[in-house]
Number of protein chains: 2
Amino acid sequence: MAGKANGRKARNGGGEITMSDIARHAGVSPMTVSRALSDPASVSDKMRRKVDAAVRQFGYLPNRIAGSLSSKRSNVIGLVVPSIRNSLYAAMIHAISDVARANGLHLMIANSGHRLEDEEALVSALLAQRVCGLVLHNSTHSKRLRELLARADIPVIETGNLPAKPIDMAVSYSNFDAARAMTGHLGRLGYKRIGFVTLPLRDNDRSRERRRGYFAALTELGLPADPGLVLEAPGGFAEGADALVRLVQTHPDIDACFFAGDVLAVGALFECQRRGWAVPGRIAIASFDDLDLLRHTVPTVTTLRIPRQDIGRRSAELLVNRLHGASPQKVRIDVGFEIVQREST
Amino acid sequence: MAGKANGRKARNGGGEITMSDIARHAGVSPMTVSRALSDPASVSDKMRRKVDAAVRQFGYLPNRIAGSLSSKRSNVIGLVVPSIRNSLYAAMIHAISDVARANGLHLMIANSGHRLEDEEALVSALLAQRVCGLVLHNSTHSKRLRELLARADIPVIETGNLPAKPIDMAVSYSNFDAARAMTGHLGRLGYKRIGFVTLPLRDNDRSRERRRGYFAALTELGLPADPGLVLEAPGGFAEGADALVRLVQTHPDIDACFFAGDVLAVGALFECQRRGWAVPGRIAIASFDDLDLLRHTVPTVTTLRIPRQDIGRRSAELLVNRLHGASPQKVRIDVGFEIVQREST
DNA sequence: GCGTTATGTGGTATCGCTACCAACCTATAG
DNA sequence: CTATAGGTTGGTAGCGATACCACATAACGC
């Protein structure tokens, strides 16, 4: 690592190769170099060849920071997810990443760790980086955050839920409808005492919507809503196992359990295997989100398929359209969900 | 979304709020605003209060693109992983993200999709964005890529393997040693016919190192190296199941199988459950990488624990140190690994 | 009292690129 | 042969911040 740039001294002397350098060596003006690189069709073949040769010779990489400042377009989109680690978000990020890359955009990813107060700070930081679009998973936002976004005047997509009043655009599914549909499905399969294990409810509209959907379905099924059948658990295999055991012990007549998180459901399933409880003979298990894993366990697990990749892809496509000049109209796309009936229910 | 910035016209008129605007309204010079924001201790209380008030009043967010151009520091680190979707990388990214955030750095993540030729393009793009540091998972690089990185003169960390000749710094473990240790472990447990299922070998030094480790251990154990006992499979539950079945059918005397990818191992385990093959009675199963899942399956699965989070954390810390001025010396950190003996072997 | 060091503040000159306008060249029509 | 249009090219003036220097003021020693 030679010649570290350490201050103004090095700026003029050993500074980076600039467009002017390339221009000088190619015998053209800097503007021609700029055009040859960003819109090759706008310069003549002769010029383009000269520029390309010089670019290759010096291994020139244009400075996009300068380009962004000048053009007021950063070509970076920001992403705030509750947890990079969760494979559900990973599937969405992957899809966004693919579409972004195909359109010459870069991704800046930030992790809110499910903390609402951090989201605001992260969005501020991304806006300071002048991202040209933003994807937020959360859809409960502080007032200040909404103001920030309004002032920033960039396209924003919410993906975690279908908010009643989206900030700008939303691509998601209804957590309420999904949980209601699955609970209803269990009821129609004949289960009478259906437990529900929810992920933490604090600062999490998705969790709350799912619980609301569960209760709505019970009412529709004409089943009593027993608060004792509802447990809150942080995500995790052990927590799912633990929740199931507690429900079975406190409510021996429980015949089905709906887990609002896939990992919880799998943890519970393994616990049943360990204890020799037949699934679905002793208790049926249903899950939320179609982890690949659920298709391979023994028994396979009934679940809700949420098209996470579609959410990512369509979000990115909407952003790209806007950046290409589409008129800024509120869009609210419901990607829907699907009940996948398998052996566990 | 009112007043979209559309070209030079809007630049002067309805343009963004700048430091000069804040300075004017606070009755100080732009430089004082700059200092009040980036190094509050360097200005007097009186000035800082005036600046803070104006900043709050206008909801001013400094333009970091301009800041980066001027200071030649982008405060963005680039990350190239084979797959965002894979939870192993996710754990590493998460750790990097945490350390980065604590140090005011942002993350730009790119997905190489295990394609070597894409890695070069992605690194170029990140360098054009003038990232101030780079983390690469892959450690087989094209000649042109190495040249690019040398010219860029920024800290680079490789995390996928411990290369003999790192570009700059490496934080990883030895895939060879790990695979060798696990194979040796199986041998010492008394298994005689040990199969090996590898992930794709093409363009993947990690996979090749693991296979090398497997063969080395067989030699040390005095067991014959039967190429028929080695299968290559793309990652996936079904692929793991399939590989196991094929090995058992072609080599009925096989008594253990080592999977170089965790998902493969779990797929195989489920297949055994389905077919009623006792694990480890009929066949023992060992895995690579300590997915949380492996601690909860029935039976639990013997595996190699690779400290993915540590890799991320230490990589980020090394980058941060360098950016804070640490001398650029080659560092090669071996985070090691650990054999986790469980019920499946 | 005056020189000397701290400390805080402002002015100026970039950073490397792109938008815009003006100038130029080559065709084609009249 | 001149006028007009179309297509390329170059010059200039920023984009919004920071580094560096210069300067003013306050604090200190002898």
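Scope of the values below: all heavy atoms of this structure, side chains included, with no hydrogens, waters or symmetry mates. Lettering of chains follows the sequences in order, A, B, ..., and the numbering in each one begins at 1.
- When the C1' atom of C:dG16 is taken as reference, atom CG of A:Leu61 falls 14 Å away, rounded to whole Å.
- Computed from coordinates, the A:Leu127 CG to D:dG16 P distance equals 16 Å when rounded to whole Å.
- Counted by atom type alone, A:Glu158 and A:His137 present zero donor-acceptor pairs between their side chains at under 3.5 Å.
- The interatomic distance linking B:Gln129 (CD) with C:dC17 (P) rounds to 13 Å, in whole Å.
- Ionic pairing of B:Arg48 and B:Asp45 is present here: one or more N-O contacts between side-chain nitrogen and carboxylate oxygen are shorter than 4.0 angstrom.
- In this structure, B:Arg144 places its CZ atom where only 12 or fewer heavy-atom neighbours from other residues, nucleotides or ligands lie under 6.0 Å away.
- Of the charged side-chain nitrogens involved, none lies within less than 4.0 Å of a carboxylate oxygen, so that A:Arg151 and A:Glu147 do not count as a salt-bridged pair.
- Counting to the nearest Å, the P atom of C:dT18 and the NZ atom of A:Lys72 are 15 Å from each other.
- At a threshold of 4.5 Å between non-hydrogen side-chain atoms, the residues A:Val28 and A:Lys50 count as touching.
- Here D:dG11 is the nucleotide among D:dG11, C:dG11, C:dC17 with the atom lying nearest to any side-chain atom of A:Ser29.
- Nucleic acid contact class of A:Pro30 (heavy atoms, under 4.0 Å, all strands): none.
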Point to revise | Derivation of the side-chain hydrogen bond (donor to acceptor under 3.5 Å, both in side chains) call for B:Arg85 and A:Gln309 | key: CA-CA 11 Å; B:Arg85 215 126 148 212; A:Gln309 275 185 267; 3.0 Å; yes

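- Comparing atom distances between the B:Arg35 side chain and each of D:dC15, C:dG10, C:dC17 picks out C:dG10 as nearest.
- Going from atom CG of B:Asn75 over to atom C1' of D:dT18 covers 13 Å, rounded to whole Å.
- Between A:Tyr60 and the phosphate of C:dC17, there is a side-chain N or O to OP1/OP2 separation shorter than 4.0 Å.
- Rounded to a whole Å, the CD atom of A:Glu16 is 5 Å from the P atom of C:dG16.
- Looking at A:Ser112 and A:Glu119, their side chains never bring a donor and an acceptor atom within 3.5 Å of each other.
- For A:Met31, the listed nucleotide lying nearest its side chain is D:dG10; candidates were D:dG10, C:dC15, D:dA17.
- When each of C:dT18, C:dC17, C:dC15 is scored by its nearest atom to the side-chain atoms of A:Asn63, the top-ranked nucleotide is C:dC17.
- Between the two ends of the helix from C:dG1-D:dC30 to C:dG30-D:dC1, each summarised by a five-pair axis, the helix axis turns through 40° (rounded to 10 degrees).
- By the 4.0 Å N-to-carboxylate-O rule, B:Asp168 lies close enough to B:Arg322 to be salt-bridged with it.
- Inspection of the B:His94 and A:Asn111 side chains reveals an N or O donor paired with an N or O acceptor under 3.5 Å.
- Taking every heavy atom of residues 37-54 of chain B and every atom of DNA chain C, pairs under 4.0 Å involve B:Val43, B:Ser44, B:Met47, by number.
- Considering only side-chain N and O atoms, A:Arg73 lies under 4.0 angstrom from the phosphate OP1 or OP2 of C:dA19.
- Looking at the side chain of B:Leu69, the nearest of the listed nucleotides D:dT18, C:dG16, C:dC17 is C:dG16.
- Going from atom CE of B:Met19 over to atom C1' of D:dC15 covers 14 Å, rounded to whole Å.
- Following rounding to the nearest Å, A:Arg64 (CZ) and C:dG16 (C1') show an atom-to-atom distance of 12 Å.
- Taking 4.0 angstrom as the limit, A:Thr32 places a side-chain polar atom (N or O) nearer than this to OP1 or OP2 of D:dG10.
- Side chain to side chain, A:Asn161 and A:Ser139 fail the donor-acceptor criterion of an N or O pair below 3.5 Å.
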